[in-house]
2 protein chains.
Amino acid sequence: MESITTADAPAPTRGRPREFCPDAALSAALGIFWAKGYDGASMADLTAAMGITKPSLYAAFGNKEQLFHQALDRYEAEKLAYTREALKQPTARAVAEHFMRGAVAAQTSTCDPKGCMGVISATACGAEGDSIKAHIMQRRQSSNAALVTRFEQARQDGDLPQHLDPQGLAYYLYAILQGMAVLATSGATRDDLDGVVTIALSMWPTS
Amino acid sequence: MESITTADAPAPTRGRPREFCPDAALSAALGIFWAKGYDGASMADLTAAMGITKPSLYAAFGNKEQLFHQALDRYEAEKLAYTREALKQPTARAVAEHFMRGAVAAQTSTCDPKGCMGVISATACGAEGDSIKAHIMQRRQSSNAALVTRFEQARQDGDLPQHLDPQGLAYYLYAILQGMAVLATSGATRDDLDGVVTIALSMWPTS
DNA sequence: AAAATAAATTACCGATCGGTACACAAAGCC
DNA sequence: GGCTTTGTGTACCGATCGGTAATTTATTTT
């Protein structure tokens, strides 16, 4: 089984060289999947945005589903970088604020599709979507686990009330993040979401 | 232009009578759209669940898009009845609690698809989805406006802090509701969402 | 120069999509 | 009994879906 990922290929400079940049093509595919979801993105949409033909796409990325997973990996690596930064913040409140501010910025950026690709893809995948849902749920769970761990530490630090359930708080924060993503997808402005963040922070529990 | 809705037809008892119950068929269609979204629901899925053939469907409901709008109307009338009840609660806190408890019950019911049909449909509609998005956004805005009005009255009642922005609070509550819907769609249990509600209520502002 | 390798292009595959033409069946009106 | 009206079933429409076979083009290796 050949590996197909974009970041291998030591330098097999034999045969005709490809005429497109796989990195740029993958970014273009990410934009389509992000905007339209897995099912909503047709091969015609993808090839048009990537500037390549179908056989080139299949040779470089496997098939539509594998291309999607690679695009999702890139999305998480690039567009969700703020979540890893957020976990390093000194207080639970700062963690939550970094999460929410980062989410608002990512979801309402003027040079990217609105909303969260994970939310769009998890809610909008049909028959073969099991593999995609599994991917997103796994990603969500690992991210959630990290957040729970961070809140548990915060409680030990006296940074959160003892009676507060870290798991519940993590779910609560996640609900706000995903909810803002839904609102962003259906037309909410950046100011609207900033208002949500302000309110949520004003209610954030004090130690 | 003939009206096609299910609730007209005074009694045109001429011609062959139809052999299916439009109400039951519409409920079956609602179940499919709710579970799979607009694009994800194929005509084959719909006719199989409704127990009728395509020509019968087109004669009774117009086309796929019109069928969807009728299903969405029924969804709002039946499954979102708790929202109208919630607005009548005596305090802002009770309003929010009723909203959230009702949403959790509706989104994790064992005899209905998981999640919120509005969220699933708004995030998962492709090309012709503009009409659908418009329908959902309009519904959301009117519902949001009612909630803002209710919170403004609550603030006048001394039921909410004066400094709190009713519009922001409404968006905040909406974000939690839609976020829980996303979580429910991708596997969260009823207990998980109850935890979110508990936390959110524990933070709810006191006058 | 010839062979080998790999990408690009074109044209096509079967399956499924939403939607419909057409013939037939069941009822009321005359 | 027709005749009209309306719903049902079958079989089909063009378009699009994801995916591929076959050929040509470009480059490295011998």
Side-chain angles (χ1 to χ4, degrees), chain A residues 2-4 6 8-25 29 32-33 36-71 124-132, chain B residues 2-4 6 8-26 29 32-33 36-71 124-129 131-132:
Chain A
E2 275 282 357
S3 138
I4 295 188
T6 57
D8 48 1
T13 172
R14 204 162 54 191
R16 177 174 177 172
R18 62 159 53 100
E19 299 178 355
F20 65 95
C21 168
D23 248 52
I32 299 295
F33 279 130
K36 303 193 167 192
Y38 179 76
D39 283 320
S42 70
M43 293 301 298
D45 294 330
L46 291 166
T47 53
M50 300 165 82
I52 62 178
T53 58
K54 277 193 282 184
S56 296
L57 190 157
Y58 277 84
F61 300 101
N63 59 20
K64 186 186 178 184
E65 187 173 342
Q66 292 173 30
L67 173 63
F68 177 84
H69 283 116
Q70 295 173 51
C125 56
E128 67 278 82
D130 289 338
S131 153
I132 290 166
Chain B
E2 278 279 357
S3 135
I4 295 189
T6 57
D8 48 0
T13 174
R14 204 164 51 189
R16 178 174 177 172
R18 61 159 53 101
E19 299 177 355
F20 65 95
C21 168
D23 249 51
L26 184 56
I32 298 296
F33 279 130
K36 302 192 169 196
Y38 179 76
D39 283 319
S42 70
M43 294 300 298
D45 293 332
L46 292 166
T47 53
M50 300 165 83
I52 63 178
T53 58
K54 277 193 283 183
S56 296
L57 190 157
Y58 277 83
F61 301 101
N63 60 19
K64 186 185 178 184
E65 187 173 343
Q66 292 174 30
L67 173 62
F68 178 84
H69 283 116
Q70 295 174 51
C125 56
E128 67 276 84
S131 154
I132 290 167

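All chains are named by letter (A, B, ...) in the order of the sequence lines, taking the proteins before the strands, and each is independently numbered beginning at 1. Just so it is clear, the model here is predicted, and its values are computed rather than measured.
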* **Distance, rounded to the nearest Å, where Leu57(B) contributes CG and dT20(C) contributes P** => 12 Å

* Gap between atoms CD and C1', on Glu65(B) and dG19(C) respectively (whole Å) -> 14 Å

* **Whole-Å gap separating P (dG18(C)) and CD1 (Ile52(B))** => 14 Å

* To do: Provide, to the nearest angstrom, the distance between the OH atom belonging to Tyr58(A) and the C1' atom belonging to dA21(D).
  => 14 Å

* **Closest-nucleotide 5' rank along DNA chain D - winner of Lys54(A) and Glu19(A)** => Lys54(A)

* Rounded to the Å, how far apart are Phe20(A) CZ and dT25(D) P? -> 20 Å

* Looking at dA26(D), dC17(C), dC17(D), which one has an atom nearest to any side-chain atom of Pro17(A)? -> dA26(D)

* Can you tell me how far P of dC17(C) sits from CG of Leu46(B), to the nearest Å? -> 10 Å

* Is Asp39(A) close to Asp39(B) at the side-chain level, that is, under 4.5 Å between some pair of heavy atoms? -> no

* To do: Could you tell me whether the side chain of Gln70(A) reaches within less than 4.5 Å of the side chain of Phe61(A), counting heavy atoms only?
  => yes

* Across the strands shown, which category fits Pro55(A) at heavy-atom distances under 4.0 angstrom: base, sugar-phosphate, nothing? -> base

* Is there side-chain contact between His69(B) and Ile132(B), with at least one heavy-atom pair below 4.5 Å? -> yes

* Whole-Å distance between dT10(D) C1' and Met43(B) CE? -> 16 Å

* Within this structure, what is the NZ-to-P distance between Lys64(B) and dA15(D), rounded to whole angstrom? -> 19 Å

* Structure fact -> Value for NZ (Lys36(B)) from CG (Leu46(B)), rounded to nearest 0.5 Å, stands at 9.0 Å

* To do: Return the 5'-most residue of the pair Ser56(B), Ser42(A) with respect to DNA chain D, ranking by each residue's nearest nucleotide.
  => Ser56(B)

* Assess whether one donor atom and one acceptor atom, taken from the side chain of Arg14(A) and the base of dT29(D), lie less than 3.5 Å apart. => no

* Asked: If each of Arg16(A) and Asp45(B) is mapped to the nucleotide of DNA chain C with the nearest heavy atom, which maps nearer the 5' terminus, i.e. the 5' end?
  -> Arg16(A)

* Say you draw a straight line from NZ of Lys54(B) to NZ of Lys64(B); how long is it, rounded to the nearest 0.5 Å? -> 11.5 Å

